[in-house]
Amino acid sequence: MNISVPRRVTKATAVAALAALALAGLTGTTASANPAAAAAAPDIPLANVKQHLTDLQSIATANGGNRAHGRTGYKASIDFVKAKLDAAGYTTTVQQFTSGGSTGYNLIADWPGGDPNQVLMAGSHLDSVTSGPGINDNGSGSAAVLETALAVARSGYQPTKHLRFGWWGAEELGLVGSKYYVAQLPTAERAKLSGYLNFDMIGSPNPGYFVYDDDPAIETTFKNYFAGLGVPTEIETEGDGRSDHASFKNVGVPVGGLFTGASRVKSSAQVQKWGGTATAFDRCYHSSCDTTSNINDTALDRNSDAIAHAIWTLSAGTTTPPGTVFENTADVSIPDNGAAVTSTVNVTGVTGNAPSTLKVDVNIVHTYRGDLVVDLVAPDGSVYSLSNRSGGSADNIVQTFTVNASSEVANGAWKLRAQDKASVDTGYINSFKLTFP
């Protein structure tokens, strides 16, 4: 009798090397610039983030059980966050607006320095619904963004881009605060926003790991971070257009973000992927039980660190591009011991043949790379072997290959082909990139 035994999985460790991507407005398979190597982000202490949540819970408890727009608990939440940022050296601005006959507040915090013509912004909504304290929705995003901002100050980080953070009011009433901020921002100032990162519910008690698929460069930065942890991700759909990133996206600002799920039920496939149960991602969504007991510490910790990683990576300067880059960031599942699958990039506008030093960046998340056969397939069908069941018990293939493709016409559909040749282990193509010098 032959019994298959699951192999031991080795966690990937080189997270910082995975996400050195430029923050550019990419669409589909496109050319892009590459950034200078970013300084490594610090670990964001989970205990600090949870202390912020405890403080927000105390504010809600002392103010009728919630932190909703127009209620005293919301203004107390704004004052709490502002005091932390003022003490850390931020320039803070409280912006007032009116909704439903009540005064609302946005809090904007600018970190001194950086190129004022290139602004990277991260934000979250700070208000709760009236029925509860809103600790996951959205104390979790607000606390993690706050602690990341404080980590910037503690480290004395001086990025090339200017950093700005925002906490929005009246999101629960229809993105009112963020819409107001964007509407009040002059067109010239909007154009300076190189990206907006949104974090709304990142500690759900039965979590999934969802990444916004709006801007490919931002999306890939987050996906590569989680790939480095060996944590699979999915594209976020439940909250698409329903959180504050939509206010920025609607005026042309590149956006991205993270989410761990709300009222939708986790599927059986997602339970297999992430653990948990086939119930709602957050059974206390918009309810009185959304308290500090309604948080998954592992999800909150991972997402808080991912926020810092993205801030550090995407705020770094850019260098002159080494060439023209074509990339596909769409996930392609690789069936266990099954048929080959492909990820395609369509190369256009390159004169003549491909170079003898064609750079092929492969990012495959897989629990056992020794099962994988990976090839580059040229437009005419020629096959270039990249990895043939090598790497033993290691997981993932995150590697740049150099291929002599000088006999191939450059323009056309190039494919990364991957096939799992043995049972037990699974994975997916995370991204595939070609660089023409």
Side-chain angles (χ1 to χ4, degrees), residues 43-69 71-81 84 124-148 150 167-169 171-172 198-210 226 229 231 236 238-239 242-243 257-267 270-271 273-308:
D43 178 74
I44 300 300
L46 175 63
N48 292 9
V49 181
K50 292 191 70 177
Q51 182 59 55
H52 300 325
L53 293 181
T54 298
D55 292 334
L56 292 173
Q57 174 73 66
S58 297
I59 288 171
T61 301
N63 290 275
N66 67 70
R67 301 180 301 100
H69 166 76
R71 308 294 180 91
T72 55
Y74 181 71
K75 182 57 165 62
S77 298
I78 283 284
D79 293 342
F80 162 72
V81 175
K84 295 279 187 182
S124 57
H125 76 87
L126 188 55
D127 63 315
S128 73
V129 292
T130 57
S131 57
I135 297 304
N136 185 39
D137 185 16
N138 182 38
S140 60
S142 294
V145 171
L146 172 59
E147 188 56 31
T148 300
L150 297 178
W167 288 262
W168 312 116
E171 187 271 354
E172 299 290 3
N198 194 61
F199 306 100
D200 189 351
M201 302 180 65
I202 60 169
S204 301
N206 185 31
Y209 291 88
F210 298 98
F226 283 104
L229 299 180
V231 176
E236 195 281 318
E238 183 177 7
R242 293 169 52 191
S243 192
L258 301 173
F259 178 63
T260 52
S263 58
R264 282 188 186 173
V265 172
K266 182 183 283 188
S267 69
Q270 289 169 330
V271 171
K273 181 182 295 185
W274 293 317
T277 59
T279 57
F281 291 100
D282 183 355
R283 64 180 180 82
C284 290
Y285 176 64
H286 282 189
S287 299
S288 60
C289 58
D290 187 10
T291 66
T292 49
S293 298
N294 191 46
I295 291 290
N296 181 285
D297 284 359
T298 299
L300 184 65
D301 191 22
R302 286 171 171 170
N303 281 284
S304 297
D305 288 338
I307 292 171

Measuring only between side-chain heavy atoms, which start at C-beta, is I59 closer than 4.5 Å to F80? yes

Is there a donor-acceptor pair closer than 3.5 Å between any side-chain N or O of Q57 and the backbone N or O of A60? no

Quick check: closest heavy atoms across A143 and L53, and the distance to 0.1 Å? CB-CD2, 3.7 Å

Decide, yes or no, whether a salt bridge links R67 with D127 under the criterion of side-chain N to carboxylate O below 4.0 Å. no

Only one of D282, T292, D200 clears side-chain hydrogen bond (donor to acceptor under 3.5 Å, both in side chains) with N136; which? D282

Does the Q270 side chain pair with the main chain of S267, one donor and one acceptor, at a distance under 3.5 Å? yes

Grab the two heavy atoms, one from G141 and one from I202, that are nearest each other, plus how far apart they are. N-CG1, 3.9 Å

Give a yes or no on whether the backbone of E238 and the side-chain of R242 come within a donor-acceptor separation of less than 3.5 Å. yes

Dump the intermediate steps for side-chain contact (heavy atoms from CB on, under 4.5 Å) on N63 and R71, then the final yes or no. CA-CA 8 Å; N63 290 275; R71 308 294 180 91; over 6 Å; no

To check you understand the geometry: which heavy-atom pair defines the closest contact between A278 and V265, and what is its length? O-CG1, 3.5 Å

When rounded to the nearest 0.5 Å, the distance separating CG of N206 from SG of C284 is 11.5 Å

Mutual orientation of the aromatic rings belonging to F226 and Y209 [parallel < 30°, tilted 30-60°, perpendicular > 60°]: tilted

Is S263 close to H286 at the side-chain level, that is, under 4.5 Å between some pair of heavy atoms? no

Quick one: does any side-chain atom of S131 pair with a main-chain N or O of S288 as donor and acceptor, under 3.5 Å? no

Would you mind reporting whether W167 and S124 have side-chain heavy atoms less than 4.5 Å apart? yes

Please determine whether the number of non-hydrogen atoms from other residues, nucleotides or ligands lying under 6.0 Å from atom CZ of R283 exceeds 12. no

What I'd like to find out is whether the side chain of V271 reaches to under 4.5 Å of the side chain of T277, using heavy atoms alone. no

Test side chain to side chain donor-acceptor pair (under 3.5 Å) on H69 and E172 and set out the steps. CA-CA 8 Å; H69 166 76; E172 299 290 3; over 6 Å; no

Going by heavy atoms in the side chains, are P133 and N66 under 4.5 Å from each other? no

With rounding to the nearest 0.5 angstrom, report the CG to OG distance, D43 to S304. 9.5 Å

Please check if the side chain of S142 supplies one atom and the backbone of S140 the other of a donor-acceptor pair under 3.5 Å. no

Enter the distance from K266:NZ to W274:CH2 here, rounded to the nearest 0.5 Å. 7.0 Å

Run through Q51, K50, K84, H52 and flag the one making a side-chain hydrogen bond (donor to acceptor under 3.5 Å, both in side chains) with E147. H52

Measure the shortest side-chain to side-chain distance between F281 and F259 over non-hydrogen atoms and say whether it is less than 4.5 angstrom. no

For the atom pair CZ (F199) and NE2 (H125), what is the distance rounded to the nearest 0.5 Å? 13.5 Å

From S128 OG over to D137 CG, what is the distance, rounded to the nearest 0.5 angstrom? 8.5 Å

Does the E171 side chain pair with the main chain of L126, one donor and one acceptor, at a distance under 3.5 Å? no

Distance, nearest 0.5 Å, that separates CG of L56 from OG1 of T291: 12.5 Å

By the definition side-chain contact (heavy atoms from CB on, under 4.5 Å), identify the one residue from I295, T260, L300 that meets it with S204. T260

